[in-house]
Amino acid sequence: MFEELHRKMNKFWNDDRTLNETDPEFIKMFSDFAYDEVINDENANDPALDDKARCMAIMASLIGAQGMDAFEMMLPVSYRAGVTSVELKEIIYQSTAYVGFAHMLPYLKKLNDFLGAQNVALPLAKQGTVTGDDRAKAGESKQVEIFGEKRRGFAQSGPEDTRHINKWLADNCFGDYYTRDGLTNAQREMVTFCFLIAQGGCEPQVRAHVRGNLNVGNSEHFLIAVVSQCLPYIGYPRALNAIACIRDVIDQ
């Protein structure tokens, strides 16, 4: 699949006459790095990071980095690598809690256009598992499941004037999104990690979700591999900051 990904990505570049004609040296340099060196480096990989997981991580990082052109480029690659319509939707839906609706919306529209071209009937099957009556309780349960008992009662904690945000984290971020079917806890924590590291300036949240990833079974080595695969898209500063956050949590 690595060779296939390389071929497909180069085909994208070569199909774009403007890039092919104006920047052939750059195209070769970037493609050889991102789609050969990075994908095949032993230390940039992990047994749990198959092509599907690699694509999910990259797609999430592109949303976090607001890289629409690269996201559009990766959509067919991800689809062929086995990322399903439901999984793609869930990644984008969940990004709302981490990048905001304003930054999520163009990606949802782009995915809908892509799925329409693939003759996928929309809307997809419902993935929600909660109601307005139980979303808060379910969200708190999900927080405790991922982060431990210290999260029990979090929605009612903190200064009174900002306590409503803690409540929203429980009932909206976790109750509305994390309780949905379509992605596992491990997949949701991985893509959340990617949303955050790609944005930059989110190091406290990155550290929190490093812990969450470790708690749901995503190892330190796996997270380093995820950062490594996202590096060509988010750059060295944000990738190195992400590695530093992983080390901070592991060293505690």
Side-chain angles (χ1 to χ4, degrees), residues 48-68 70-72 74-132 134-135 138-139 141-143 145-147 168-199 202 205 209 212-213 215-218 222-223 226 229-230 233:
L49 191 70
D50 59 12
D51 292 325
K52 176 178 175 177
R54 184 197 319 276
C55 287
M56 292 173 74
I58 291 171
M59 295 296 277
S61 75
L62 292 174
I63 297 171
Q66 291 294 282
M68 176 58 81
F71 178 88
E72 184 177 6
M74 279 295 298
L75 259 176
V77 176
S78 299
Y79 204 60
R80 294 188 191 109
V83 186
T84 67
S85 302
V86 168
E87 290 166 338
L88 288 166
K89 282 272 189 179
E90 289 303 313
I91 291 169
I92 292 174
Y93 288 174
Q94 186 171 317
S95 75
T96 309
Y98 295 95
V99 305
F101 177 77
H103 291 121
M104 176 281 292
L105 185 58
Y107 295 87
L108 182 58
K109 290 181 175 180
K110 182 62 65 176
L111 176 60
N112 285 340
D113 289 343
F114 173 80
L115 294 178
Q118 300 298 315
N119 296 315
V120 176
L122 297 176
L124 301 178
K126 293 181 179 180
Q127 302 298 317
T129 65
V130 298
T131 67
D134 64 5
R135 62 197 275 268
S141 295
K142 187 63 70 172
Q143 285 181 303
E145 182 181 351
I146 295 171
F147 297 103
W168 293 344
L169 277 167
D171 65 27
N172 174 243
C173 183
F174 286 88
D176 288 340
Y177 295 105
Y178 269 76
T179 60
R180 293 175 60 82
D181 290 332
L183 295 176
T184 66
N185 283 347
Q187 288 171 327
R188 289 194 182 279
E189 273 302 288
M190 179 189 73
V191 298
T192 293
F193 175 72
C194 293
F195 297 144
L196 294 170
I197 67 171
Q199 289 183 75
C202 300
Q205 291 77 22
H209 284 279
N213 270 277
N215 290 343
V216 297
N218 293 333
F222 175 84
L223 291 177
V226 166
Q229 297 301 318
C230 293
Y233 307 93

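It should be emphasised that the depicted structure is a prediction, and the values quoted were computed from it without experimental measurement.
- Looking only at side-chain heavy atoms (C-beta outward), Asn218 and Phe193 stay at 4.5 Å or farther from each other.
- At least one side-chain heavy atom of Leu88 sits less than 4.5 Å from a side-chain heavy atom of Leu75.
- Ser78 places no side-chain N or O within 3.5 Å of a backbone atom of Val83 that could act as its donor or acceptor partner.
- Remark: Lys110 does not engage Asp113 in a salt bridge, criterion side-chain N to carboxylate O under 4.0 Å.
- Annotation: side chain of Leu108 is in contact with side chain of Tyr93 (closest heavy-atom distance under 4.5 Å).
- Met104 is not listed as a side-chain neighbour of Ile63, based on a closest heavy-atom distance of 4.5 Å or more.
- In summary, the side chains of Glu145 and Asn185 do present a donor paired with an acceptor at a separation below 3.5 Å, with no hydrogens or angles considered.
- Taking CZ from Arg54 and SG from Cys230, the interatomic distance works out to 10.5 Å, rounded to the nearest 0.5 Å.
- Here the SG atom belonging to Cys194 is positioned 9.5 Å from the CE atom belonging to Met56, to the nearest 0.5 angstrom.
- Closest non-hydrogen pair, Ala186 versus Asn213, comes out as O-OD1, 4.4 Å.
- Note on ring orientation: taking the six-membered ring where Trp is involved, the planes of Phe174 and His209 are parallel (angle under 30°, cut-offs 30° and 60°).
- Separating the CD atom in Gln127 from the CG atom in Leu183 is a distance of 9.0 Å, to the nearest 0.5 Å.
- Within the 4.5 Å cutoff, the side chain of Glu87 has heavy atoms near those of the Gln187 side chain.
- Contact between Asn112 and Leu122 at its shortest, heavy atoms only, is OD1-CD1, 3.7 Å.
- To the nearest 0.5 angstrom, Ile91 atom CD1 is 6.5 Å from Met190 atom CE.
- The minimum heavy-atom distance between Ala198 and Ser61, with the atom names listed, is CB-O, 3.1 Å.
- In this structure, the side chains of Tyr178 and Glu189 come closer than 4.5 Å at one or more pairs of heavy atoms.
- Checked against ring-ring contact (aromatic ring centres under 6.0 Å, His included), Phe114 has the following partners two or more places apart in sequence or in another chain: Tyr79.
- In this structure, Asn172 and Arg135 have side chains that are in contact, with non-hydrogen atoms separated by less than 4.5 Å.
- Partners of Glu90 according to the salt bridge (charged side-chain N to carboxylate O under 4.0 Å, His left out) rule, which considers only residues two or more places apart in sequence or in another chain, are Arg180, Arg188.
- Residue Leu115 holds its CG atom at 4.5 Å from OG of Ser85, rounded to the nearest 0.5 Å.
- Among all heavy-atom pairs drawn from Val86 and Gly182, the shortest one is CG1-CA, 3.8 Å.
- Separating the OG1 atom in Thr129 from the CG atom in Asp176 is a distance of 10.0 Å, to the nearest 0.5 Å.
- Counting heavy atoms from C-beta outward, Tyr233 and Met74 have side chains that approach closer than 4.5 Å.
- Of all the heavy atoms in Tyr107 and Gly67, the pair that sits closest is OH-N, 3.0 Å.
- Closest non-hydrogen pair, Tyr177 versus Gln94, comes out as CD2-CA, 4.0 Å.
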